Every structure is written in C-alpha cells, then in structure tokens.
Amino acid sequence: MADSKAGATGLWARLWRQPRRWWLFGIPVGAVLFFVLGVIFWGGFNWSMELSNTEKFCTSCHEMRDFVYAEYQGTAHHSNASGVRASCPDCHVPKPWIHKVIRKIRATNELYHKLLGTISTPEKFEAQRARMALHVWEGMRATDSRECRNCHHMDFMDLEKQGRRAAKKHDPVKLAESGETCIDCHQGIAHELPSAEALEAAQAGR
C-alpha cells in the first residue's frame, strides 16, 4: 500500500516537473505564456471597451444618430463659445473603471431592445422618451450626478461670477439641506424633455 502511494506521488512529481528546455531565463515557459496571454486579453478587453466608449460608436445605430444625437446637436453641450464639448460617453459612461465596467454590462440590455426594435421609429422613440428619461435621471441622482461633476465640480465654481439665481441654487449649504443634485435642475440640457403628461404616465406605470 505504501509502495503504491509512493509510486503515485513520484508519477505526479514527474508529470509536473518541467524539462530544462521548457524554461526561459529561469522562468517556466508556461508562466511566461500565461503572462503574455493575460496581457493580450487585458489589452484587448480595454481596447474594445474604449472603442465602444466613443461618440462615433454611440451614433453607429440609426436610433442614436437620428433621434438622440440629432436633438443634442446645437445644445450647449455640443457647441458653445468656449469650445468645451461633452459628448455621449462624457455624460453617460462613468470614468472610474469599476463603474464603467458595470455600466457596460448593464448596456447589454440596450442591445436586447435594439433587436426588439423598441425605439426603431420616431413614434416608438417618442412613446418611450419619458420612461428612458426617468431611468437616466434616477441613475444620475443615485450617483450625485457624478458624470456632470467631471466638468462642473462645485469646488471650482466662483459663485460671485454667476447670476443671482444660479448662485443661490448652487449655494453649498442650501444644496446640502435640499439634497438636490445637478440633474434635478438641469434636465433637458442636452435632450428634449418629455411632456408632463408623459412623465406622469411613465411614473404611474412603474
């Protein structure tokens, strides 16, 4: 019995023992290969994620190009005196890596609706506008308008240079008391707003 166990252990050790020709600069070739494949996979993953994080990619389907992007053009986020532009991913995709990956995973639901043709016509899009707007607004509230603050951080605002109404709304103390965030006041800054009736119906249907 002992001899059989010793034989099995010896066989296992021989299977795992790599000949010298399988070593490269003192490192097992398997480890080197694993590292290289890991780099290729990681690079490919990040490359594909960044490729899908561009305005060109966002507008590659007609729903985004003809409906969403069309109404975004001409807004302050698209063109302005300073030339600072916020494109689709700047507002809708987080910059922190882990949040970005989560957003990309959730975006697979949009592929499902693309196949279904949920918003494939102007009429279908308009019928879903309120529901989609509520979804985006709720997401922004949940993150305290994180993507807005990539460009419009409260710490860097000079309230004295703002109009009286804007300075009052941006007062840090009052904002802390109200719990409001950017999207509560700046809805419709880049896209057309749904009608009040459509919003009420969308909220009631939840």
Side-chain angles (χ1 to χ4, degrees), residues 38-122 124-157 166 170 175 180-194 198-199 202:
V39 170
I40 293 173
F41 171 79
W42 187 253
F45 175 76
N46 278 283
W47 175 80
S48 60
M49 190 162 64
E50 290 306 316
L51 182 66
S52 66
N53 201 36
T54 62
E55 189 174 278
K56 183 178 180 180
F57 178 86
C58 294
T59 57
S60 60
C61 64
H62 83 274
E63 290 92 341
M64 294 297 106
R65 182 186 65 246
D66 298 340
F67 310 148
V68 181
Y69 186 72
E71 63 186 33
Y72 153 76
Q73 290 178 304
T75 66
H77 276 152
H78 179 264
S79 57
N80 51 68
S82 65
V84 177
R85 189 180 182 195
S87 64
C88 311
D90 291 321
C91 296
H92 294 286
V93 182
K95 292 189 182 298
W97 190 84
I98 186 64
H99 296 296
K100 184 187 295 186
V101 172
I102 293 171
R103 177 67 184 90
K104 293 295 182 181
I105 293 171
R106 288 177 176 170
T108 56
N109 183 57
E110 296 167 17
L111 298 176
Y112 171 70
H113 284 285
K114 167 68 177 175
L115 294 173
L116 290 180
T118 304
I119 56 171
S120 59
T121 67
K124 289 181 178 180
F125 180 85
E126 203 57 45
Q128 296 294 329
R129 181 187 290 275
R131 181 188 63 80
M132 293 187 293
L134 286 174
H135 178 72
V136 172
W137 297 344
E138 288 171 1
M140 287 185 163
R141 288 191 189 99
T143 62
D144 193 21
S145 298
R146 177 182 53 216
E147 278 61 68
C148 299
R149 298 177 192 279
N150 288 330
C151 297
H152 306 283
H153 204 286
M154 294 296 300
D155 292 346
F156 311 127
M157 285 187 181
H170 290 149
L175 281 175
E180 289 182 324
T181 186
C182 309
I183 195 60
D184 289 308
C185 295
H186 296 283
Q187 298 169 355
I189 193 68
H191 303 291
E192 295 177 13
L193 286 170
L199 281 173

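Residue numbers count from 1 along this sequence. Note that the structure is predicted; figures quoted are calculated from it, not measured.
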**Study point:** Separation between CZ of Phe67 and NE2 of His191, rounded to the nearest 0.5 Å
**Key:** 14.0 Å

Practice item. Determine which pairs satisfy salt bridge (Lys or Arg N to Asp or Glu O under 4.0 Å) with at least one residue from residues 105-117, sequence neighbours left out, and list them in order. Key: Glu63-Lys114, Arg103-Glu110

Point to revise | Student check: side-chain heavy atoms of Cys182 and Met140 closer than 4.5 Å | key: no

Check your understanding: Under the 3.5 angstrom rule, does the side chain of His170 hit a backbone N or O of Ala166 as a donor-acceptor pair?
Key -> yes

Exercise for review: Specify the closest pair of heavy atoms between Cys185 and Glu180, including all atoms of both residues, with the distance to one decimal.
Suggested key: SG-OE1, 4.4 Å

Practice item. Identify the heavy atoms of His62 and Ser120 that sit nearest to each other, and give their distance. Key: NE2-O, 2.9 Å

Check your understanding: Hey, does the side chain of Asn80 reach the backbone of Val84 with a donor-acceptor pair shorter than 3.5 angstrom?
Key -> yes

Revision key, fill the gap. Sorted by chain and number, sequence neighbours left out, side-chain contact (heavy atoms from CB on, under 4.5 Å) with His113 holds for Asn109, Leu116, Thr118

Practice item. Might you point out which heavy atoms bring Ser145 and Ile183 nearest each other, and give the distance in Å? Key: OG-N, 3.3 Å

Check your understanding: Looking only at heavy atoms, which two atoms of Ala198 and Ala130 are closest? And how far apart?
Key -> O-CB, 3.5 Å

Point to revise | Residues forming a side-chain contact (heavy atoms from CB on, under 4.5 Å) with Arg131, sequence neighbours excluded | key: Gln128

Check your understanding: Side chains of Leu199 and Trp137: closer than 4.5 Å at any heavy-atom pair?
Key -> yes

Check your understanding: Is any side-chain heavy atom of Asn53 closer than 4.5 Å to a side-chain heavy atom of Lys104?
Key -> yes

Point to revise | Minimum side-chain heavy-atom gap Glu126-Thr121 below 4.5 Å | key: no

Study note, to complete from the structure: Tightest non-hydrogen contact, residues Asp144 and Arg149, listed as O-NE, 2.7 Å

Review point. Just wondering, do Arg85 and Ser79 contact through their side chains at under 4.5 Å, heavy atoms?
Key: no

Review point. If you look only at pairs with a residue in residues 181-190, which of them pass as a salt bridge (Lys or Arg N to Asp or Glu O under 4.0 Å), with sequence neighbours excluded?
Key: Arg141-Asp184

Check your understanding: Donor-acceptor pair, Lys95 side chain versus Asn150 backbone, under 3.5 Å?
Key -> no

Check your understanding: Among all residues two or more places apart in sequence or in another chain, which pass the side-chain contact (heavy atoms from CB on, under 4.5 Å) test with Asn46?
Key -> Trp42, Met49, Trp97

Point to revise | Heavy-atom side-chain proximity of His99 to Thr143 below 4.5 angstrom | key: no

Check your understanding: Under the salt bridge (Lys or Arg N to Asp or Glu O under 4.0 Å) criterion, do Glu71 and Arg129 qualify, and how do the steps go?
Key -> CA-CA 13 Å; Glu71 63 186 33; Arg129 181 187 290 275; 3.0 Å; yes

Review point. Taking all non-hydrogen atoms of both residues, which atom of Met154 and which atom of Leu175 are closest, and how far apart?
Key: CE-CD1, 3.6 Å

Point to revise | Check: Phe57 main-chain N/O paired with Thr54 side-chain donor or acceptor under 3.5 Å | key: yes

Check your understanding: Is any side-chain heavy atom of Pro89 closer than 4.5 Å to a side-chain heavy atom of Cys58?
Key -> yes

Check your understanding: Got a donor-acceptor contact below 3.5 angstrom from the Lys56 side chain to the Leu51 backbone?
Key -> no

Exercise for review: With sequence neighbours excluded, give me every ring-ring contact (aromatic ring centres under 6.0 Å, His included) pair touching residues 68-92.
Suggested key: Tyr69-Tyr72, Tyr72-His78

Practice item. Determine whether Ser60 and Arg65 make a side-chain contact, defined as any pair of heavy atoms from C-beta on separated by less than 4.5 Å. Key: no

Review point. If you round to the nearest 0.5 Å, how far is CZ of Phe125 from CE of Met64?
Key: 6.0 Å

